[in-house]
Amino acid sequence: EMLSYFGRNLHDHIAAASHNVLGESPPFVERSVHYGELNSAAAAEIAKLAEETGMRSLREVNRRALELKSQAAPGEPKNRRIHFGIYFFEAPDDRLDTPDEGSDDA
């Protein structure tokens, strides 16, 4: 079951990004925030914030989608699906160069 969701999430994310890169209109929401050079405490704080705000967003979109689904007129085609997702990823940034010996960054 998890692999099924994984495949659908991955497919839809790539499809949205491809749609936007190809300049198709209207563009899909496909945004991210990214930072490097954070310490572990900062990354943990951002992870917690992402979890909290992400869940609020997911719940609100879910609530509204459920309302709209139940309000559809009888006989009206129900042939559209939506996918709205949130993700967070954190890892060591191995792309950063080590500071020069003469640098004040030590």
Taking distance alone, no hydrogens or angles, what donor-acceptor pairs closer than 3.5 Å link side-chain atoms of residues 49-57 to residues at least two apart or in another chain?
unit_1	atom_1	unit_2	atom_2	d
Thr53	OG1	Leu49	O	2.9
Ser57	OG	Thr53	O	3.2

List, one per line, each side-chain donor-acceptor pair under 3.5 Å for residues 80-91, sequence neighbours excluded.
unit_1	atom_1	unit_2	atom_2	d
Arg81	NH1	Asp12	OD2	2.7
Arg81	NH2	Asp12	OD1	2.9
His83	ND1	Asp12	OD2	2.7
His83	NE2	Asn9	OD1	2.6

Exercise answer: donor-acceptor pairs, residues 23-35 side-chain atoms, under 3.5 Å, sequence neighbours excluded:
unit_1	atom_1	unit_2	atom_2	d
Glu24	OE1	His19	ND1	3.2
Glu30	OE2	His13	NE2	2.8

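By the side-chain hydrogen bond (donor to acceptor under 3.5 Å, both in side chains) test, Arg63 pairs with Glu60, Glu67, sequence neighbours left out. Partners of Leu66 according to the side-chain contact (heavy atoms from CB on, under 4.5 Å) rule, which considers only residues two or more places apart in sequence or in another chain, do not exist here. Glu1 is linked by a side-chain contact (heavy atoms from CB on, under 4.5 Å) to Tyr5, counting only residues two or more places apart in sequence or in another chain. Evaluation of the side-chain contact (heavy atoms from CB on, under 4.5 Å) rule for Ala42 yields Leu38, Asn39 as partners, not counting sequence neighbours.
Without hydrogens or angle criteria, Glu76 side chain to Ala73 main chain gives a donor-acceptor distance under 3.5 Å.
The hydrophobic cluster containing Leu10, built from Ile/Leu/Val/Met/Phe/Trp/Tyr side-chain heavy atoms closer than 4.5 Å, also comprises Phe6, Ile14.
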